[in-house]
Every structure is written in structure tokens, then in C-alpha cells.
Number of protein chains: 2
Amino acid sequence: MTVTSVHDPSHREALWELEDAFERGDLISVFGRCTVSYEGRAASDLGAGDRLLVLKPDGAALVHTDEGRQPVNWQPPGSEHRAAVREGRLRVVSTRTSPAETLTVRFSDVHQLSAMAVTGGRDLTLHGSEEDLRTRILERPELVEPGFEPRETERPSSAGPMDVFGVDADGTPVIVELKRRRVGPDAVGQLARYVRALREELGAEGGGGGSDAGDSEESDSRDSDSDADGGGAPTVRGVLVAPSVTDRAAERLADRGFDHVALDPTPEE
Amino acid sequence: MTVTSVHDPSHREALWELEDAFERGDLISVFGRCTVSYEGRAASDLGAGDRLLVLKPDGAALVHTDEGRQPVNWQPPGSEHRAAVREGRLRVVSTRTSPAETLTVRFSDVHQLSAMAVTGGRDLTLHGSEEDLRTRILERPELVEPGFEPRETERPSSAGPMDVFGVDADGTPVIVELKRRRVGPDAVGQLARYVRALREELGAEGGGGGSDAGDSEESDSRDSDSDADGGGAPTVRGVLVAPSVTDRAAERLADRGFDHVALDPTPEE
DNA sequence: TATTCTATCTCGATG
DNA sequence: CATCGAGGTAGAATA
């Protein structure tokens with residue numbers, strides 16, 4: 001049988017089952033009353049209570065209470081689990097290095113322990129991610145605007161890689177920033193850095209402007225005012241593609257002369 | 001007994017136990033072979049495999065494989081769990097609204113089902129958080145620098161509340177930004193926004209300068225060059241308190257004339 | 001290994 | 001309800 005399970009075991013019985021399960025590489029769940037302490041990147045203590053301890057063969061450990069999506073305490077994958085009986089009580093310790101951290105679970109009662117050998121089915125297919133959005137736009141560029149032609153994805157710049165780079169119907173360079181969900185002002189800032197970087201790049205190429213284009217990501221009002229269509233700086237358009245934007249983000253988009261295209265990562269159902 | 005547990009139940013038996021456990025408000029764990037599908041903020045499908053399903057009385061649902069700290073699929077607290085047998089198979093569905101999302105787990109085999117009534121011990125005490133760092137600095141301001149006097153925490157500004165605001169030995173205003181761990185350039189940007197906001201505020205108060213101090217968070221090189229000690233703008237110092245900074249962040253700190261104080265949230269052991 | 005960015009982030013505070 | 005920021009964020013991609 002793929003599952004072993006003991007109900008109200010003694011602490012010693014629980015220890016035997018745990019060690020066997022570690023040996024087999026099982027996925028383990030333990031119900032019991034316990035205290036939990038953690039020390040590592042931070043430190044925490046949790047008093048006695050009924051909880052669910054999950055131990056995975058990859059080294060992950062999770063302590064769950066009856067509330068919340070997050071475990072109340074945990075240990076990341078790559079940790080090592082050990083179990084022992086001390087003073088007649090089951091104790092499970094999970095440790096890892098870099099950073100050094102330790103999770104200790106001390107049981108006063110073990111109510112139920114189960115272990116299962118896990119096989120197969122690790123291939124999750126997720127739809128509706130930012131990559132889906134990129135795919136969708138490359139297949140149907142007119143969703144951005146009529147006449148838009150994608151030229152490159154992940155085009156490098158001094159401000160990092162742009163999501164999509166292309167030209168509009170007039171041949172003007174367009175930088176498209178993709179977000180799979182509603183965005184705040186930070187996304188506009190990101191787009192602004194790309195636009196500024198490309199303006200400097202094209203300016204340097206065509207005429208006088210920006211030197212080696214290094215670090216100053218946050219200065220934007222150097223060649224102020226004539227942002228939208230070319231004074232001294234070359235024209236580069238910025239388009240933010242996202243399902244929606246916050247009010248602040250909309251203000252900033254308007255300030256910068258950028259456009260927003262409302263688009264979901266998945267076709268409307 | 002606080003725990004009920006069935007080994008290799010029929011799908012109908014599993015359903016009965018589940019419904020009883022829902023009724024009692026138990027914390028539930030189910031081992032079994034299943035497929036999982038999610039639809040809501042995104043969409044995903046997961047083929048057949050052995051997994052652990054955790055159902056919480058607060059509505060949270062977690063599907064764990066043998067790897068990773070994160071569940072492969074989940075539903076947040078506030079969802080509603082329902083169970084049924086369809087075509088002879090146990091099916092668990094967890095739904096919530098706003099946003100509308102649904103998690104469906106279809107079992108081909110149920111290996112083990114346990115349910116426990118959970119009591120007590122929800123009071124986690126965590127040490128080493130950003131708040132600990134703030135407390136530590138307020139108690140020992142000299143850790144920032146000799147002569148530093150904290151005046152306010154969470155002082156409001158047009159760029160949001162500052163972590164700690166005070167004055168240095170010369171009476172110069174100092175903005176302190178706290179981070180509990182190693183920081184990148186983003187934290188410097190955050191600090192820069194506070195400093196700029198306060199300069200505008202003080203400038204408007206004292207003399208001519210900045211108008212209504214609204215949105216343009218990312219322009220910084222307006223009164224360039226004489227940043228560090230007063231040209232036209234009033235002098236405001238920025239100090240970043242964190243255990244360490246990345247190279248990029250260090251460059252930016254130097255550019256802005258800001259200081260870095262290396263400090264952990266907890267006293268060295 | 002270290003850094004950067006995304007996430008069905010989660011979670012809490014706040015307007 | 002939306003927004004904002006912290007997190008022992010986790011996890012992936014990248015240099």
C-alpha cells in the first residue's frame with residue numbers, strides 16, 4: 001500500500017513511522033498538539049496548540065493552524081528533517097544552511113500521522129500569465145493598436161529588457177510594457193525608464209545626446225516639457241498594456257504622454 | 001476524540017467524513033490521487049497524481065505535492081468548501097467571490113482522510129521584523145549616528161509616511177528609511193522620494209520653491225550638482241538603515257549623497 | 001552564487 | 001471597496 005497511517009500513536013511509534021517515512025521519501029502529515037520555535041532569518045515562538053505539520057521529501061516543512069493560506073511556521077525546500085524522542089516527547093527539527101535556520105516542533109500529543117509515497121503529476125499548466133499576454137499580442141498586434149508591428153521581445157536597453165518593442169503605423173518606435181493585472185504607478189515608472197533609455201540610445205546614434213547611459217534611472221525631467229512629440233529628443237512612444245490602471249497610474253501616464261491599452265491576458269470568455 | 005481518521009475509504013465514506021468535518025469546523029487533510037483545476041485570477045490544470053489536500057474551516061484550501069513550500073494550487077481563506085460524489089468519485093470544490101474563483105479537486109483514489117478539531121495557540125511572537133528595528137533605533141538613536149535625535153515615526157509626506165524622521169547633531173533634518181534585510185536600488189528610490197518631498201515642503205514653507213508637491217516622484221535632478229549641502233533647496237539628509245546593500249544600491253546612495261548605516265533588526269547574538 | 005523580477009503572491013493597515 | 005507596503009515573502013530567470 002502506498003499510504004501508512006497511525007492513529008493516536010505513542011511518541012515512540014510516531015518516531016518509528018517518521019523515520020521509515022523519511023527513508024522512503026514520503027510526503028508526511030502529522031496532526032498533534034505542539035509548540036513551535038524558529039530561529040534563522042528572524043526568530044519566533046508559538047505556544048501549545050493543535051496543528052498540522054507537513055514534511056516533504058525535498059526538505060520543505062510546513063506548520064499549519066486552522067486559519068490562513070500561509071503556514072504559521074515553515075522551513076524551505078532543501079532543509080533536512082530529523083526526528084527524536086526527548087523526555088518522552090516527539091520532537092521534529094528541520095535545519096538548513098545559507099542562511100542558517102532551524103525549525104523545531106515539540107509535540108505533547110500526536111493524534112494522527114500519515115505518510116504517502118508520491119508519484120507523478122507535477123506538470124502544472126498555468127494560463128493567463130504575462131507570457132500568455134505577450135503571445136496574444138504577438139499573434140494579434142492590432143490589439144495594441146491598428147498598424148502596430150512588433151519587432152522584438154525582451155529587447156535589451158540600459159534600463160533592462162523591454163517586454164515588446166515595435167513600430168506604429170507611422171514608423172515611430174513603440175515600447176510596450178505588459179502587465180497581467182491592474183497596475184499602479186510603479187509600472188508607469190518602469191515604462192518611463194525604458195522610454196528614456198531608448199531616447200538616449202537613439203539620440204546618441206542620431207546626433208548629440210546621452211553619454212554612456214548608466215545608472216540614473218529615476219531622472220526624467222532633463223529635457224522637460226516637449227516630451228510627447230519630439231523637440232530635441234527622438235520620438236519614442238510608451239504603451240502600457242494591462243487590464244486596468246489605478247487613478248495615480250492614469251495621471252502619470254497622461255503626464256508622460258503614454259498610452260494605456262486595456263487588455264486581459266486571456267481572451268474574454 | 002478530537003481526531004477522526006479513515007484509511008482507504010470508499011468515495012462515499014470519504015464524503016460522509018468530509019461533510020461531518022465541515023460541520024464540526026475541523027482542520028482536514030486528505031491524501032489521494034487526484035486531478036486539480038483552478039479558474040479565477042488565472043487558470044490552471046494539473047493532471048493525475050498523488051497529493052495532499054488541506055481544507056481549513058476558515059475557507060482556505062491547499063493542494064500540496066511532494067515538492068516546494070508553496071501549494072501547487074490553492075484557494076484563499078473566505079472560500080466555501082463543498083464535497084460531492086460524481087460518477088462514483090469524490091469531488092471537492094472550493095469557491096469564493098470577488099474575485100470569483102474556483103478550485104476543483106477530483107479524486108480517483110482516496111488513500112487517507114483525517115480531520116482534527118483545532119484549539120488554541122494562535123499567538124505567534126515574531127522577532128526581528130522591521131518594527132523591531134524601529135524600536136531598537138528609537139531606544140538607541142546613536143546607532144544611527146552620534147547626536148541623532150528621532151522626532152517622529154511614520155511622519156506623513158506627499159510621498160507617503162517616512163519610517164523615522166529626526167534631526168542630526170547640527171539640527172539638520174534627517175529621514176531614516178528602515179529595511180530589515182539587504183536592499184537593492186528600489187529602497188534608495190523610496191528614500192529619494194521622501195527626501196525630495198520634504199525638500200519641497202520645507203522650501204515652500206521657507207522661501208520660493210516647489211508648488212503643490214504632487215505626482216512626479218521620479219524626477220530628482222532638478223537642482224542638480226549641489227545636492228549634498230544646500231544650494232537652492234533646503235538641506236535634508238537621507239539615511240538608509242539596513243544590514244547591507246547591493247552594489248547598485250551603494251552607487252545610488254553615493255550619487256544622492258545619502259548615508260548607509262549597517263544595522264540588523266536584532267542585536268548581534 | 002548573487003541579483004532582479006514576478007506572483008492566482010498573502011496579509012495587514014488605512015482611507 | 002481600493003490602495004499601499006511588508007514579508008523569515010517563494011520561485012524563476014539571469015548574469
Side-chain angles (χ1 to χ4, degrees), chain A residues 36-44 60-63 67-79 96 98-103 124 126-133 154 156 159-161 163 177-187 190 217 244-249 265-266, chain B residues 36-44 60-63 67-79 94 96 98-103 124 126-134 154 156 159-163 177-187 190 244-249 265-266:
Chain A
V36 185
S37 67
Y38 160 79
E39 181 137 5
R41 287 172 288 177
S44 73
L62 313 168
V63 180
E67 289 185 343
R69 220 251 1 178
Q70 297 293 120
V72 63
N73 276 118
W74 70 94
Q75 197 70 298
S79 311
R96 75 159 180 172
S98 78
E101 45 188 354
T102 303
L103 179 73
L124 179 76
L126 180 63
H127 322 285
S129 61
E130 187 175 305
E131 182 163 346
D132 283 294
L133 185 53
E154 305 295 328
D163 287 337
E177 173 68 21
L178 304 176
K179 293 294 170 189
R180 62 171 307 281
R181 58 170 182 166
R182 182 177 177 84
V183 298
D186 52 329
Q190 194 176 344
E217 297 178 19
S244 64
V245 301
T246 66
D247 291 347
R248 279 273 198 243
T266 49
Chain B
V36 185
S37 67
Y38 160 77
E39 181 139 5
R41 287 171 288 177
S44 73
L62 313 169
V63 180
E67 289 184 343
R69 211 224 55 152
Q70 297 293 123
V72 63
N73 277 117
W74 70 91
Q75 197 70 295
S79 310
S94 181
R96 75 160 180 172
S98 79
E101 45 188 355
T102 303
L103 180 73
L124 180 77
L126 180 65
H127 321 287
S129 61
E130 185 175 306
E131 182 163 346
D132 283 294
L133 185 53
R134 177 163 56 242
E154 304 298 326
M162 313 166 183
D163 287 338
E177 174 68 22
L178 305 176
K179 293 295 171 188
R180 64 171 304 282
R181 58 171 182 166
R182 181 176 177 84
V183 298
D186 53 330
Q190 194 177 345
S244 64
V245 300
T246 66
D247 291 347
R248 279 275 199 243
T266 49

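The shown structure was predicted, so the numbers you read here are calculated from the model rather than taken from an experiment.
- For the atom pair CD of Q70(A) and CZ of R69(B), the computed distance is 5.0 Å after rounding to the nearest 0.5 Å.
- One cannot find a donor-acceptor pair under 3.5 Å joining the base of dT3(C) and the side-chain atoms of D247(B).
- Taking atom CG of L124(A) as the reference point, atom P of dA7(C) lies 14 Å away to the nearest angstrom.
- Side-chain N/O atoms of R248(B) include none lying less than 4.0 angstrom from OP1 or OP2 on dA2(C).
- Atom CD of E131(A) and atom P of dC5(C) are 18 Å apart (whole Å).
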How would nucleotides 9-14 of chain C be written as a contact map, 5' to 3', with B for base contact, S for sugar-phosphate-only contact and - for no contact, using protein heavy atoms under 4.0 Å? SSS---
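- Nearest-nucleotide positions on DNA chain D place G184(A) closer to the 5' end than the other of G184(A) and V72(A).
- Remark: E131(B) engages no residue in a salt bridge (Lys or Arg N to Asp or Glu O under 4.0 Å) (not counting sequence neighbours).
- Across the protein-nucleic acid pair, H127(A) atom NE2 and dT8(C) atom C1' stand 13 Å apart, rounded to whole Å.
- Checked by atom type and distance alone, the side chain of Q75(B) pairs as donor or acceptor with a backbone atom of E101(B) at under 3.5 Å.
- Judged by closest nucleotide on DNA chain D, G160(B) is the one of L126(B) and G160(B) placed further toward the 5' end.
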Checking side-chain contact (heavy atoms from CB on, under 4.5 Å) for the pair D163(A)/L133(A): CA distance, chi angles, key distance, verdict? CA-CA 10 Å; D163(A) 287 337; L133(A) 185 53; over 6 Å; no
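- Phosphate contact (OP1/OP2 of dT6(C), side-chain N/O of K179(A), threshold under 4.0 Å): present.
- Think of the region where chain A sits on DNA chain D: with heavy atoms and a 4.0 Å cut, that region ends 5' and 3' at dA2(D) to dG11(D).
- Remark: of the listed residues H127(A), E130(A), R180(A), K179(A), R180(A) is the sole one forming a side chain to side chain contact (heavy atoms under 4.5 Å, CB included) with P265(A).
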